[in-house]
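Keep in mind it's a predicted model, so treat the numbers as computed, not measured. Proteins come first, then strands; the chains are lettered A, B, ... in the order of their sequence lines, and each starts at number 1.
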Amino acid sequence: MERLLIKDVLSEENIGKSLNVCGWVRTKRESKGFAFLVVSDGSTQDTLQLLINNETPAFQELYRCNTGSAIQATGLLRESPAKGQKFEMEVSEIIIFGEAEPETYPLQKKGHTLEFLREISHLRPRTNTFGAVFRLRNILASSVHEFFQSRGFLWIHTPIITASDCEGAGDLFTVTSLDLHNPPKNDGGDIDFSQDFFGRRAYLTVSGQLEAEFLAMSLGKVYTFGPTFRAENSNTTRHLSEFWMIEPEMAFADLRDDMKLSEDFFRFLCRKVTEKGEKELAFLESQYKRISCEDLARLAETSFAHISYTEAIKELKAAKESFEFPVSWGADLQSEHERYLTDKVIKGPLIVTDYPKEIKAFYMRLNPDGETVAAMDVLVPKVGEIIGGSQREERLDVLEKRMKQTGIPRENLQWYLDLRRFGSAPHAGFGLGFERLVQYVTGMLNIRDVIPCPRAPRTIGF
RNA sequence: UCCCGGGUAGCUCAGUUGGCAGAGCAGGUGGCUGUUAACCACCCUGUCGGGGGUUCGAGUCCCUCCCCGGGAGCCA
């Protein structure tokens, strides 16, 4: 008999059929004459209730079917006479693959704190909460591809190991095969990376953007979706040392096109997740009361507010709120400022554009005013910055001047300048932190709870 | 990295003025013919984060280190 996933079992047309499911026991409720087992297999938020009569041989095996054990059950699907579930399976046979000793299995029938579950990353996907989060994560990931593929973007694979360390995007992890006990030194006493594997110092990528640019300047519209690494000592609920980033890049596009793309993208993802993740969203809402399917459906229909950095500063200066950090033109927006704008003023997603050039990266296109750059940040309530993007500087002379001003060495970036020498054109793109998106959609407050194996300072246990 | 708050049973947490280390849940045993984080009865559960100090006596006070959480900065 073919094994079915629980998500496929629970339907009217299976009533009366003899079926076969595999899964892990969530709870066991025993009486004298019968017992109930609730199993899940990860395919859906729903569980399947198994009814085992004391006449079936399986009843004698129930002492081995404790919470956490892996079993296969064969039986008849039928409508459940009791409240709480529509269907149940009357079991004729149970095969026990692996027991879970109740005294030592860490997951109980009762709820656990997210902090405790973080200590058992290998078992937490078996819980309702993490099952929901990781299924939603999958819906979002596949929807990312669906969005870009349907619009003619090519998925490109930018390198994970890179030699470019000059993007100013943060501290990097060094990749080396040198003997750390006895590394070669040069005359100055520094480690001699010319003797390292690549003949020079290499790092884990902090962004695929620069490479995405040259692919956009040949393939037209591209996007990356891959792991990204930052070695900052950040201990917050919205930073990881290893995270997944999505970076579309478009040739023949300006900041307006970029803003439009980011908005369409975000709204598309909100819509998809309400369509495909209804059960998961409903569970998380009932459990945590942070965001609902209705909220996301509304977001999918809502245009983003637009405001320039200069207007944002005016708005903040006019605020009755007292901020910890002073508001002044030229200073970056602090978390509290962003939160005021999204949560209090706009009450929804917001795109802030045209930041002062001093607080943004060298590759962002200089505006005609000479003071600001064609940058945009998409801010959402609670999570804050979720997308950062810009129109790229396509003018060779302006870019060279900006690199000189900001102290970016040219040696390793000749290829990047070449793109401005040969067939340069306006182009734009953005980066979206995938985990922050998952955080927003699930309502999880800590980013470490939306990725299976979080990497953060002193955190690499699984 | 900085600022707060924590660390007591497998889990969640209480522990008063320094004076016998507790509760609920989980687990075990028994009961129960439709349970739903089942229910009822009984039983079991400790390196009070580590080290040092004060004291007749420290979970409690002091010093120190480690770990966890929240906030800030950095950013996506």
So, with a heavy-atom separation below 4.0 Å from RNA chain B, the residues of residues 65-88 of chain A are Arg78(A), Ser80(A), Pro81(A), Ala82(A), Lys83(A), Gln85(A), Glu88(A)
- request: Ignoring backbone atoms, establish whether Arg458(A) has a side-chain N or O less than 4.0 Å from OP1 or OP2 of rC68(B).
  value: yes
query: Is the shortest heavy-atom distance from the side chain of Trp155(A) to the side chain of Phe225(A) under 4.5 Å?
result: yes
Among rU35(B), rA76(B), rU12(B), the one nearest any side-chain atom of Phe116(A) is rU12(B)
Q. Does Lys32(A) have a side-chain nitrogen or oxygen under 4.0 Å from the phosphate oxygens OP1 or OP2 of rC32(B)?
A. yes
Note to self: Any side-chain N or O of Thr113(A) below 4.0 angstrom from OP1/OP2 of rU12(B)?
What the structure shows: yes
Mate of rA37(B) across any strand shown (Watson-Crick or G-U wobble, both atom pairs under 3.5 Å) is none
Is there a side-chain polar atom (N or O) of Arg238(A) under 4.0 Å from OP1 or OP2 of rA72(B)?
yes
### Query
Would one find a side-chain N or O of Thr236(A) under 4.0 angstrom from OP1 or OP2 of rG73(B)?
no
Regarding the side chain of Pro102(A), the nearest nucleotide among rG28(B), rG34(B), rC75(B) is rG28(B)
Rounding to an integer number of angstrom, what distance separates rC62(B) and rG70(B) when you compare their P atoms? 26 Å
From the list Lys279(A), Lys7(A), Arg26(A), Arg135(A), salt bridge (Lys or Arg N to Asp or Glu O under 4.0 Å) with Asp46(A) holds only for Lys279(A)
| message | With the criterion set at under 5.5 Å between ring centres and under 30 degrees between planes, would rA76(B) be stacked on Phe434(A)? | response | no
| Parallel, tilted or perpendicular: which fits the ring planes of Phe173(A) and Phe229(A), with parallel below 30° and perpendicular above 60°? | perpendicular
Which of rA72(B), rA76(B), rG28(B) is nearest the side chain of Ser335(A)? It is rA72(B)
Phe116(A) meets the ring pair (Phe, Tyr, Trp, His ring centres under 6.0 Å) criterion, sequence neighbours left out, with His112(A)
Rounded to whole Å, the CZ-C1' distance (Arg29(A) to rG27(B)) equals 18 Å
**Message:** Would you say Asn446(A) places a side-chain N or O within less than 4.0 Å of OP1 or OP2 belonging to rG70(B)?
**Reply:** yes
Note to self: For a quick test of reading the model: is some side-chain N or O of Gln108(A) closer than 4.0 Å to OP1 or OP2 of rG27(B)?
What the structure shows: no
Whole-Å distance, Phe59(A) CZ to rG34(B) P, equals 13 Å
Taking rA58(B) as the reference, what is the distance to rG52(B) when you measure between their C1' atoms (whole Å, please)? 14 Å
Tell me whether the rings of Tyr440(A) and Phe266(A) are parallel (<30°), tilted (30 to 60°) or perpendicular (>60°). tilted
Closest of rG69(B), rA76(B), rG73(B) to the Glu115(A) side chain is rG69(B)
Query raised in the report: Should the ring pair Phe134(A) and Phe130(A) be called parallel, tilted or perpendicular, given that the plane angle runs from 0 to 90° and is split at 30 and 60?
Result: tilted
Separation of rG10(B) atom C1' from Leu123(A) atom CG, nearest Å, is 14 Å
Mate of rG5(B) across any strand shown (Watson-Crick or G-U wobble, both atom pairs under 3.5 Å) is rC68(B)
Against the side chain of Thr237(A), the closest entry in rG73(B), rG71(B), rC32(B) is rG71(B)
Arg436(A) CZ to rC74(B) P, in whole Å, measures 12 Å
Arg339(A) atom CZ is separated from rG71(B) atom P, nearest whole Å, by 8 Å
**Prompt:** Is the gap between the ring centers of Phe147(A) and Phe153(A) under 6.0 Å?
**Reply:** no
Rounded to whole Å, CD1 of Ile451(A) lies from C1' of rA76(B) at a distance of 12 Å
If pairing means Watson-Crick or G-U wobble with both distances under 3.5 Å, then the partner of rC42(B) is rG28(B)
Verify whether the ring centers belonging to Tyr340(A) and Phe323(A) lie closer than 6.0 Å. yes
Between CZ of Arg118(A) and P of rC68(B) the distance, given in whole Å, is 11 Å
Query - Test: Arg392(A) and Asp258(A) ion pair at under 4.0 Å - result: no
note: Glu103(A), atom CD; rA9(B), atom C1'; distance rounded to Å ~ 13 Å
